[in-house]
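A short worksheet on the structure shown next.
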Amino acid sequence: MKQRKGIWALVLMLLFSLALVGCNKSAGTDEKPADEGDTAGETSGGQLVFGRGGDSTSLDPAVTTEGEAFKVTKNIYETLIEFGDQDTEIHPGLATEWDTSEDGLTHTLKLREGVKFHDGTDFNAEAVVFNFERWKAGNAEQFYYYNSQFGDKIDSVTAVDEYTVEFKLNTPIAPFYKNLAMSPFGIASPAAIEEFGEDFFKNPVGTGPFKFKEWKENDYITIVKNEEYWQEGLPKLDEVIFRVIPENSTRLNELATGAVDLIDGVNFSDKATIDANPDLQIFERPSLNIGYLGLTSTRGPLKEKLVRQALNHAVNKQEIIDAFYAGAAEPAINPMPPVVAGYNPDVADYEYDPEKAKELLAEAGYPDGFEMELWAMPVPRPYMPEGQKVAEALQKMFEEVGVKAKIVTYEWATYLEKANAGEADTFLLGWTGDNGDADNFLYVLLDQDSIGSNNYSQYQNAEVHELLLKAQASSDQAEREELYKQAQVIIKDDAPWIPLVHSTPLLAGSAKISNFLAHPTGSDFLANVEIQQ
Amino acid sequence: MELSTNKEMQVPIEPAEEKAVSPWLEAWRSFRKNKLAVIGTFIVLFFVLLAIFAPYIAPEGINEQKLTTSDRLQAPSSEYWFGTDDFGRDVFSRVVYGSRISLWVGFLAVIGSIVIGCLLGIVAGYYGKWVDSVISRFFDILLAFPSILLAIAIVAVLGPSLRNALIAIAIINIPNFGRLIRSRVLSVKQEEFIMAAKAVGMKNSRILFHHVMPNSIAPIIVQGTLAIATAIIEAAALGFLGLGAEAPNPEWGKMLSDARAFLTQAPWTLFFPGLAIVLTVLGFNLMGDGLRDALDPRMKN
């Protein structure tokens, strides 16, 4: 009898667990956001599903440095100054007029009236001051961009009257207004910052065309139309869902089946397929980036300038572009793209010449080459959609001149952390400009001050440092450009990188989308986008 | 006094000259009659020869990149029998050289797990008591994980490379052999000739390696052959996940993973390495099945 009971208990338990399994399944399907497409069809503006490679790290743009985060916050927050639709010229944003004093140390901005935050509080000078004081109070770890772009150079930010703000600097910052237009300086609601405190990063409140609705980590972020938006008739869409689909080909498949409407990170090799499909269209993001192979100048043979130059001679950039960018990229010569003011077109590239590379290696004392690590990024980035493949091609090119490279890769966060600490011999990486200023490339990527933040190759040159600081403080544009040109000559000779490409990143969308303009900085403003139902 | 412990077992290949037919020869005869097993053996032999003579068979090296459009992703032709991949490399050459890697990993991993598994299994089965408990629980722990998951975990700890993948595969196969031999030992231990050996005061090590082990070897051979097939698949799986062979090594699984973006565009980059995996695994499986039929005394008429 006792045994019987045991059996029954077992059977019951099995049944119960079966029931539980059933529950789990139905709950799982309920949560899928993309299936809601049908219901959205009835309303006017409709819903746009944006498929992208990675999730946001934070929805507070001030605390992050990562592009995926800005893609969302760009539509929730607004900045005092805005960039043009497809360039980095400055236009009125939350500020309508601005004025700089003779010495370049005082900036006065008139703010837009009648703008409200999503929580109903008013946008005014006090709110701007509050935001700047919040950033100023934090350290570089908390507010990286504030510290790198403004740092200690802003003495005070004061509200002159309800709609006028005055910035007092101790050193002129040449790209001051361009900096203000960068996504990290989106103005957030002071009331919300106080209310949410530590959790503000998942409860964003700004003035932008879309309001935050929901964030399911590593899955999707939903933002909905801000009915009270100050620009009449915008946004056109009712809802935007940012979905995370890590794999490039999967994302493209989802686009083809209609589960998503717009995707970024399109493989260059897929361009022909998309062009051939009448239901899809390609969007090109104007190029403002650089993909490079960093040569860590503190490690082994790479300490030698000659070795770094030799490696530069060993690489055939055009071949890489033809094979892995479907031609949609330009070979890079300098550490910044040619569209940026101050680009030096007179710098000649190290031409592809394996024999010369071998000679230089021999001269440097490595006639038989050497062994090193070549780090390949694990994730597709706009400037380098296929890091592993580019690494394999480079490996072969280095082998031709006798340098044996071992391809190494880590999970993305670890990769960045280790490369930042100078643990990689050579590493693939890149940069998409934030504001289109030369400072945002040269100073951020190669100044000795930036070691530990974005100067991954640990490059140091006192002369370059001096030039870059001088250019930063000068308000004479012609002089700045001259200084940057000089810096590029020295950097080219020191060869801390092998600059590889300036790519034209591709996006693809359903043919139903109109008015979408891809922005060179990588964060797209979606208020004007329309979708046919 | 001479001990009569299945002498033939110790010298297996020795052809039986007398009328008495050795069990090995008998097994060979029955194996030969099994057509599928013979086909399997031929497939295996084919790949072994391919691996040995790779440099003479393959028209190119493994990493001769030709990044020009006229050489990339070319369909199979008389120049490139299996087409070219996205680096313009000859897929045929890479598949041929890939057989070296796969067979090497398969054999070594299995030999590794046989050696360690047998040692542990014999010790557990022969000494029994707490030794048996400890070792058996260790096997249970290993078996509690899905094998590929455990392999991924081991590689993640050791760092991704072909050698570490090999070690991982060897480790996950240990309990299979360990349990098998333990159960054999448990039954062989009861036989009279072991009792006799003990009675004359033989050392444990001698009993184990000269009497117990040879009598337990047949199922190990069968299991080993089948395990090579699984090991090859596991190596390919790890390679596919980027945890096995490093670029530019033409490991079949890695070739598959590198080529999966070209599934529609250039299916041959996927098809041939896939076919190679299928054939080798099929070969080992057929051979293993045949061996089991031939060596299992219950199958004899």
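Note: hydrogens, waters and symmetry copies are ignored here, and every other heavy atom, side chains too, is used. Sequence lines set the chain letters: A, B, ... in the order given, protein chains first and strands last, and positions in each chain run from 1.
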Of A/Tyr415, A/Tyr383, A/Trp375, A/Tyr292, the one forming a side chain to side chain contact (heavy atoms under 4.5 Å, CB included) with A/Leu428 is A/Tyr415

Rounded to the nearest 0.5 Å, the CD1 atom of A/Ile407 sits from the CD atom of A/Glu373 at a distance of 11.5 Å

Here the gap from B/Asp86 atom CG to B/Asp258 atom CG, rounded to the nearest 0.5 Å, amounts to 7.0 Å

Please flag which part of [X] lies under 4.5 Å from any non-hydrogen atom of chain B: side chain, backbone, both or neither.
X: A/Lys406; value: side chain
X: A/Glu399; value: side chain
X: A/Glu247; value: side chain

I want to check something: taking the side chain as every heavy atom from C-beta on, are [X] and [Y] in contact at a cut-off of under 4.5 Å?
X: A/Arg285; Y: A/Thr504; value: no
X: A/Thr426; Y: A/Thr296; value: no
X: B/Phe284; Y: B/Leu226; value: no
X: B/Val91; Y: B/Met255; value: yes

Contact list (residues 390-398 of chain A to chain B, heavy-atom gap under 4.5 Å, by number) returns A/Glu392, A/Ala393, A/Gln395, A/Lys396, A/Met397

The complete set of ring-ring contact (aromatic ring centres under 6.0 Å, His included) pairs with one or both residues in residues 71-94 of chain B, sequence neighbours excluded, reads A/Phe324-B/Phe87, B/Trp81-B/Phe92, B/Phe82-B/Phe92, B/Phe82-B/Phe272

By residue number, those in residues 145-166 of chain B with heavy atoms under 4.5 Å from heavy atoms of chain A are none

Within residues 58-67 of chain B, the residues sitting under 4.5 Å from chain A by heavy atom, in sequence order, are B/Asn63, B/Glu64, B/Gln65, B/Leu67

For [X] and [Y], indicate whether the former's side chain and the latter's backbone hold a donor-acceptor pair under 3.5 Å.
X: A/Arg251; Y: A/Pro246; answer: yes
X: B/Ser99; Y: B/Val96; answer: yes
X: A/Asn289; Y: A/Ser503; answer: yes
X: A/Arg52; Y: A/Asp264; answer: no

| query | Mind checking whether B/Trp268 and B/Phe271 have ring centres under 6.0 Å apart? | reply | no

Exercise for review: Fit a plane to each ring of B/Trp252 and B/Phe47, take the angle between them on a 0 to 90° scale, and name the class: parallel (under 30°), tilted (30 to 60°) or perpendicular (over 60°).
Suggested key: perpendicular

